[in-house]
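Right, one structure below, let's go through it.
From a predicted model like this one, the values you see are computed outputs, not experimental measurements. Here is how names work: the chains are called A, B, and so on, in the same order as the sequence lines, proteins then strands, and each is numbered from 1.
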Amino acid sequence: MESHEEKPIIYTMENKPIVTCSGDQSLFTSLYHCLAQQLPREPMEWRRSYGRPPKMIHLEANFVQFKEDLLPKEGNKALLTFPFLHIYWTDCCDTEVYKASVKDDIVRWQNTLKTYNTADWLIVVVESDAKKKNKTNILPRTSIVDKIRNDFCNKQSDRCVVLSDPLKDSSRSQESWSAFLTKLRTLLLMSFTKNLGKFEDDMRTLREKRTDPGWSFCEYFMVQEELAFVFEMLQQFEDALVQYDELDALFTQYVVNFGAGDGANWLGSFCQPVQNWNGLVLRKPIDMEKRDLIQRSQASLLDLRSYLFSRQCTLLIFLQRPWEVTQRALELLHNCVQELQLLEVSVLQGSLDCWVFLSCLEVLQRIEGCCDRAQLEANISHTVGLWTYATEKLKSLGCLCGLVSENGPNSEDLNRTVDLLAGLGTERPETASSLQSPYKKLKEALSSVEAFEKHYLELSHAAMEMYKTIGRIRSAKLLGKSLAEFYMRKSDPKKAEALFQDSLKTYLAEGWALPVTHTRKQIAECQKLLGQTESYLQTSSLLASDGNLSDEERKHFCQEILNFACQQSDNQVQKVVLGMSSLAQLQHLLFTPTSAVVHVGGQVALELSLHSNMPMPVHLEQLAVSVHFSIERSSIRETGDVLGKQRTGGVNSGIIHFPGELPAGCLPRTSPPVLELDEMHDRSPSDNALNSSGVVCKNVHLLLRRRESVSSLETPSGVAVEDSAQILRTNDVLLLPGRNKILFTAPSREPGTYTLRQLRATVGQVRFVQHHIYPIVQYEVYSQEPQLKVEPLTDVLLAGVPQRVKFTIVTGHYSIKKGDALQLSNNDSMPILHSTDCTATIMSNTGERVGENGLSIQSSEKVTSITLPLTSTYHMVEFELEVMCHIPSILPKATDSDRLTNGELYQRAKSKCKTESHMASIDQKMSIDCPWSIYSTLVALTFYIPFKSQHSLLSAGKRKYIQVCMQNMSDMNFCLLNHCLTEKQKNTTLELVPVNIKPQQNVYSKQSVFCLWEVKWTTEPPSCLQCVFTISFSPMTEEEPSFQPYSYEFQLDNISTLYSVKAQIVPALGVQHCRTGSLCSLNVSLTRLSDLIEQNSDEGLTESDVLCTTKVMYEVADNSSNWAVCGKSSGVISMPVMASATHKVQMEVMPLFAGNLPFPSIRVFKYLPHHAAHSIQPDTDSWIENDNLSIDKSLEEQGDNSSIRSRTSTHSIGNEHKGLPIPRLEPFSSGQVFNSSSGQQVLVMPSKDDHVLEVNIT
Amino acid sequence: MAVCIAVIAKENYPLYIRSVPTEDELRFHYTVHTSLDVVEDKISSVSKALVDQRELYLGLLYPTEDYKVYGYVTNSKVKFVIVVDSSNTALRDNEIRSMFRKLHNSYTDVMCNPFYNPGDPIQSKAFDNMVSTMMVQVS
């Protein structure tokens, strides 16, 4: 043990397991070299107890001469000095010699061993041929070995080994060496296993006793460390480290338990005040000094921890795990500080900082010493923590010792420094030569302000640099802030500000409100010191609005701004411009009127809702909004319709909300702008069909813009005060904290669009400016020409009935002055009816009723003048007038054209126009002179005549009747009076006898009235009659009916009857009734009733013979296909021009159905020979109408059997021969032919046989 | 128990942060903010292929003299940070894990609330109460 202490072990590598040698020393000495070399050459597998994995180890040994005191005494736990194997060397080959001395010697050796209970021994018998040759009387060599085996190794024959000719280079010698070495190794390992196992058991027993009151951790520490040493000796560093870790954990647990109130006695020694804080020592494998202290139970907690860590460090470095060292070091340092607190160890203020600082640097230097540069750089993340920790500690030391101040340390600080330095003791010899030793650094740093700064900056920058290289920006920034705080204490705000700003950017970018506020506060301090007024005010304003600060602080910063603002500046210094957002937030804006559209000179009021972020009321000298004016009017306005407008934007309520930004202080993130989406329809240009539709984002450029680092937030410098001609302003506003409402009156002198641009508040020398108001706020001012509109109150204006017409005057920019009147030029056909209760309604532009005023209407011969009520600009005047349009006796033709009023298309449903179009209409034009214009306004009104009349001539033989049908086309009901039909020519021979006339009659909407007169004549029937139908009508609803006349003129020609047609159907002979399917005969007789009269010259007389005849064509046709006409159905006959000339025609017809069948119709036409066609030109219409027929008949004349086919083909031929002279057919006018058998029916019986009858008529 | 619990959005701004000695709030903010460095380190050190089976619990982010900072990252990169007093040696890793798990569950509940706008600061009372149960009780 003493020997161990005498030569301190510098490198544990030199420790080897001890093997003692006794017997022939000179023999051993001769073999020693060979043995020491050969032993570690081959590894040996070490199987171990407790299930630990076997390991291959290279054995080495320290061979020492056997001494009795080498053997461990009872209770000695030292393992390092423990002899694991005892070897007895002999080369005796002589039995005599053996018996005489060697045996006794061995016995003595064995006895000594036995007394110490050592069973690990080996006897080596060295044989050499040389010796054998010298001694002839030698026994066979085995005999000695056998003897020894017999004498000592009763059962363990392997305890005796023969080594033959060890110094010779022969195969035999080699073999014996290897056998010997194997044996030696095996025995050594056996010994290890046995002895270490025993040791561990003892150790465990000792550990189990830890609850005994007298148990000492230090003692136990020494024991377990012994084991660790042995493992280390055997180069089992892992196992060695385990031992230390166990000790570490045990100690930690005790400290924790102590904290929990379970204190162990032995811990008391660790609770002694810390006297010494010279840091870790890692340059020596074993810090004997500290170990001694532990052994003597005098170690402080720091001593123990330092020692333990130094051992762990050593082992970790052996294990090539330097990064674990740094990690463990940081944990250790933190832990120690905690433990000292927990154990309530009294510590000199700052001493721990010294210890930590020194330790950090020591660890770093130790690591640097064993790693190359590249390795270090790749593992910055492992070391940077220590660097930071050292920096922190140095800074706190500096603060403690008064080194971080402008004035340097005072005497108190110096005393403290001296005390701290005293605790460092003297520098350890192993670092004395190093210039950069932690010890020297700390001493130097604490020696002067300058040196401290140098060291502190060096460390800070190094650590920051490292953080930046490994991308830990936030840590770097935090360190930078710490450095900035240092600068602030050194009164160097310039350097500090840059660093603060740097960190602030990070916090702002990531939205950390509290750090932002704190850093801003520090920046404000810097800026104040630096005299950066503008920046300071800006920061102050941000801080004053920062909700994270206390009210007092906010008020302070607010007051700072106000103080500055109130300064009287003598020279014209430009006003300081600050951002508005910190002062107040524009929340919403309310327009009155809500549409934000107003006429020129109208009132636009703006109510701004400002949320003040200031903690106290702020008096604004002026609050102004600059307005941008542009002439261009928005598309909505251009329609000119002021009242019907609805703004497309969401501004209908007049309130514009501004997106609620959070106060700039706690911006969580720069939220992307709100999506502005629009519908999109793509229509093809040709037919307006929808090609595609979609949604378009209007503000893509904002959304997809590259996000810049948050720079704009802190740069109010870019805010320029915009000069604009138009400014809304209010003066002397007291802005209270929270919501404020501020009213503006906006200018509206010129028409155009006004856009609010910049909001600014002036407080003395300070101006708060909000660059843009977003979303865009606009209001519009328009100017309008005065307009007059005249429109009917009802859908349709009826002529002949008083109708109400509405006049609407939109004053626009014109104000109606006293005496202004509308001059209506009078029109005879449309008089204006006066009524006393004619009032005008005055309405504001928005449709609100303003007032009512009576109208005075004066009519002179030519004009009607309507005096308008006084009305200011942009109002509407409405009144109604009653007009009446007289129905003219001669009706104009109804037009289907669009009616126009005041030059504008009078909008009405198209379908309506169509339904009304069959009513005859009258367009009335009214010319109105307006006071605001030198031009007359022409107003067209369309009136409709409510009635439509038709006449017809009815005959009964020679008697004639006139029927007039009057149809009420309108929606009104009328009362009719005084029906009258007069003949214009006042022919006295003629008399019109009313048949069904009532004195008064009602005609309802869409109904008709029929009137009938019989025409009687005395001399001869007139060939032509000109009649006028007159009637008086009045709307039925009127109480005092004022009847209006209505007349209808018409002319009747060819009144007298020329021919009478009589038809008769006679069944076949012998049959009583006609039967279906059987032929009957149809007898037609045509009788001329009158002589030829001069007027009837167009009958086409044929005067070839003496007898004057006219040609008449008849035709029998049955349109309802009741009859089949067999044979010739038509023909031309010549009628003599004389009364009662009769022509009879007979033809065959066949009834197709049974029942009472009407007769087939018989038509008679005038047949005009071709030469007559030249002289008489019939009107085109009738020609075309009869064209087809005339050809047919001409062809039938030739005896052709008519068929549809031939008809159509000949038709085309006929067309080609249009120019040729062909005979012509002309119908008689309605009264000329009287069919006496029209309406007659004949009874047809069904045929008896049921078989189907097929009749083919071609 | 924890002295500070923070939920940090994917973009690294705080969604929720609460600390117990309120006077030290600022310091905790700095601590939590700085711890994001280590969180990012730890996330990026996991190779891409392993991201799927990555454990959400990041373990001890870094110790300081006074506090231990633990981290946890959800799959949507929302970070949870729990700061524990260093002197509180009774807390084992497992307990920290279960605290994170509770926190994650509660956070999921917050996200399930249809009225909660993801990305907004968490103001849920239920979440707050749950956090309270994990915080050091100040007497």
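To the nearest 0.5 Å, atom CG of residue Asn548(A) and atom CG of residue Leu26(B) are 10.0 Å apart. Annotation: the span from Thr31(B) atom OG1 to Leu478(A) atom CG amounts to 7.5 Å, rounded to 0.5 Å. Taking CH2 of Trp512(A) as the start and CD1 of Ile8(B) as the end, the distance is 4.0 Å to the nearest 0.5 Å.
There is a side-chain donor-acceptor pair under 3.5 Å between Tyr30(B) and His518(A).
Proximity to chain B (any heavy atom under 4.5 Å) is shown, for Ser503(A), by neither the backbone nor the side chain. When heavy atoms are compared at a cutoff of 4.5 Å, Leu342(A) does not approach chain B at all. Neither the backbone nor the side chain of Lys477(A) comes within contact range of chain B; no heavy atoms are under 4.5 Å apart. Heavy atoms closer than 4.5 Å to chain B are found in the side chain of Tyr389(A), but not in its backbone. The contact between Ile470(A) and chain B is made entirely by backbone atoms, counting heavy-atom distances below 4.5 Å.
With Asn12(B) contributing its side chain and Glu510(A) its backbone, the two residues share no donor-acceptor pair below 3.5 Å. No side-chain donor-acceptor contact under 3.5 Å links Glu65(B) to the backbone of Gln338(A). Put simply, the side chain of His334(A) gets close to the backbone of Pro63(B): a donor and an acceptor are under 3.5 Å apart.
Heavy atoms only, all atoms of each residue included: Ser475(A) and Thr34(B) are closest at OG-CG2, 3.3 Å. Counting all heavy atoms, side chain and backbone alike, Pro14(B) lies closest to Gly511(A) at CD-O, 3.1 Å.
Contact annotation: the side chain of Thr506(A) approaches that of His33(B) to within less than 4.5 Å [non-hydrogen atoms, C-beta and beyond].
A salt bridge does not link Glu331(A) with Lys68(B): none of the charged nitrogens is closer than 4.0 Å to a carboxylate oxygen. Salt-bridge annotation for Glu40(B) and Arg472(A): absent, with no side-chain N of the basic residue lying under 4.0 Å from a carboxylate O of the acidic one.
Within a 6.0 Å sphere centred on CD of Glu344(A), heavy atoms belonging to other residues, nucleotides or ligands number 12 at most.
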